[in-house]
Structure formats: C-alpha cells, structure tokens
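In each ligand, atom 1 is the first atom listed, and ligand 1 is the first ligand listed.
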Amino acid sequence: MTNRRNFIKSASLLTAGGLLAGTTGAAHASSPSVASSAASKKKLGLQIYSLQKELYDDLPKRMKELKNMGYVNLELAGYGKGKIGDVEMMEFRKMAEDAGLKIVSSHVNPSIEGVPFLMEYKKEILPQVKEYWIQTVADHVKLGCKFLIQPMMPMCRTYEEALLVCEFFNEAGKICKDAGLLFGYHNHHMEFQRLLKPGEEEKFANPFAPKGEQIQDIFIANTDPSLVCFELDVYWTVRGGNDPLAYLKKHSDRIKALHIKDVAVLGQSGMLNFENIFKQMYKNGIEDYFVELEQMPDGRTQFAGVKDCAAYLKKASFVK
Ligand code: MG
C-alpha cells in the first residue's frame with residue numbers, strides 16, 4: 001500500500017499543474033437533487049484502499065459500519081500470499097459476508113521472485129508473471145471475485161514497451177478467463193501521456209496538435225477484447241486531461257467497471273459531472289462501480305469521508 005501511495009504521489013508531482021486544463025468539457029459539476037426513497041436498493045461499491053489502516057483496527061465492526069452506510073460491494077486492495085492486508089483471505093471473506101458485503105473485485109499488481117512490486121516488463125519474465133497470475137487467480141476464485149484488476153501502469157517509456165505490456169495483459173486475461181474471472185486494467189493519469197510509434201517523426205503540420213497516441217488508447221487497441229476489460233477511474237481520467245464521458249461512449253464494449261472518485265468527498269470539488277457519468281454507465285450496462293477516496297484533506301478520518309461519499313450517492317436521484 002505504501003508503494004502504491006508513494007507511486008501515485010510521485011506520479012502526481014510529475015504532472016501536477018497543467019492537466020486540469022484539458023478537454024474536460026462534458027464533466028461539469030452537478031449535485032444530487034432529490035433524495036431517493038430507493039436508496040437502500042442502490043448497490044454501492046467501495047475500494048477498500050479508501051479506508052487505509054482504519055479498516056483493520058476492528059475489521060468485523062468496520063465492515064458492519066460500511067454496510068450500515070449503504071455499501072454492499074467491495075473491491076479489495078492489499079492482496080498478497082493468501083492474505084488481504086494481514087488477514088487470512090478466507091477469514092476476510094467470512095467477515096465480509098457476515099457483514100452483508102460481497103467481494104466483487106480485487107486490485108492486484110504482479111510480483112516475481114526478488115521484485116515485490118514489478119514495474120518494468122521484459123519478455124523473459126513473462127513465464128514468472130504467468131505463474132504469479134495462476135496462483136493469484138486461484139485465490140481470487142476462492143474469494144468469489146468477478147474481477148481481478150491490475151491497478152498500476154508498468155513502465156511505458158516507448159510504444160514498444162506499451163505493446164509488450166499489452167501482451168502481458170492478454171496473458172493475464174487468458175488465465176483469468178479460464179478460471180471464470182474478468183481481467184481488467186485500472187488507469188491513473190499517466191496513461192494519458194502520448195507515445196510516438198517507432199520511426200514516427202513529429203510530422204504534424206499543426207504544432208499544437210497532440211503528437212502520438214495516448215497509452216490508454218494503445219492498451220485498449222492492442223489487448224484482446226475477449227480477455228481484457230477496463231475499469232475507468234473517472235477522476236484520474238479528468239486529471240489526465242480527458243473526458244470520462246467521452247471514454248465511456250467510445251469504449252462502451254471495453255469499460256466494465258468504474259472508480260467513482262473526486263478530489264476528496266464525492267461531489268464537492270465541482271470537477272466531475274457524476275450525473276452524466278452515472279447515466280452513461282447505466283446506458284452502457286455497467287453494473288459495478290467502486291467509490292475511491294484518497295487521503296482526506298481536512299483531518300477527518302477516512303471513514304468519515306467514505307460515509308459522506310455514500311450519503312452523496314444515496315441522495316443522488318441519478319444513482320439507481
Ligand atoms: Mg482508482
């Protein structure tokens with residue numbers, strides 16, 4: 001978790017400042033208008049990374065609190081060697097079920113012997129990475145997951161590196177599919193950097209035209225649709241200078257889950273139009289979304305933030 005957090009932090013620093021001015025035209029703010037009497041039927045999902053260490057101070061109690069807030073689906077983070085955090089995974093599943101929560105998804109980043117957080121892919125390590133996925137998939141079948149999602153982008157300094165990553169994703173996808181799981185990729189904002197094809201010169205007449213292809217688009221175009229799907233993080237898509245609504249419309253066949261995220265508590269920044277996002281999500285037939293919250297900026301607990309996010313979604317008339 002520390003690695004992931006630091007990575008995101010440093011990635012944010014690399015690109016902070018200019019990305020918000022991107023093409024986010026369709027993502028203006030809106031607020032929920034009518035309190036819904038059907039709030040209890042809403043299938044709110046939560047990425048448990050949002051709670052950080054607070055989740056583990058009393059796990060069974062904390063899970064019941066989440067259910068009381070309105071969450072019913074969980075997306076895990078922190079899987080490793082048969083554990084979620086420091087908790088045996090089947091014990092974790094039982095506690096979730098006892099609280100009325102279902103484990104739907106899990107974020108997992110592959111590792112190999114000697115490299116606990118694998119970020120640089122080379123063709124020769126593919127067999128080791130496949131071994132990792134075989135074990136990891138078997139564990140997640142036991143957890144009852146629907147999705148297994150890779151959340152962090154391996155290094156893509158060149159177009160060729162991005163294509164190699166796609167090859168690894170396809171292989172992970174095959175292993176997942178054989179076991180009845182959906183393999184997916186979750187974006188941050190660095191996936192919206194552009195890469196030029198090998199030998200491609202900067203031949204564009206318009207000096208202001210974007211040069212090259214966005215890594216996210218390279219991933220979508222070069223992975224097998226029957227093996228690899230995408231979990232679109234709407235916040236990071238905006239931070240990457242792109243419109244999540246446009247992505248949802250353009251790639252309705254590839255995006256199968258969403259991260260519903262804002263700067264902090266949902267709906268407070270004015271940066272995202274959640275009404276448009278949810279409407280398009282339902283139109284696309286997407287059933288699964290997970291609230292995600294980074295560090296609360298105001299000193300309140302992560303639990304308080306996650307509770308406010310649930311309240312926002314329960315009140316929102318556009319959330320079914
Ligand atoms: Mg996310």
Proximal heteroatom of His259 relative to the Mg ion (ligand 1) (N/O/S): ND1
Parallel, tilted or perpendicular, as decided by the 30° and 60° cut-offs, for the rings of Trp133 and Phe183: perpendicular
Residue pair Tyr132 / Asn109, side-chain donor-acceptor N/O under 3.5 Å: no
Linked, directly or transitively: Val72 and Leu46 (ILVMFWY side chains, under 4.5 Å): no
Between Phe274 and Phe318, ring centroids under 6.0 Å: no
The Mg ion (ligand 1) to nearest N/O/S of Asp233 below 2.8 Å: yes
Geometry at the Mg ion (ligand 1) - His186 NE2 versus Glu292 OE1 angle, rounded to 10 degrees: 160°
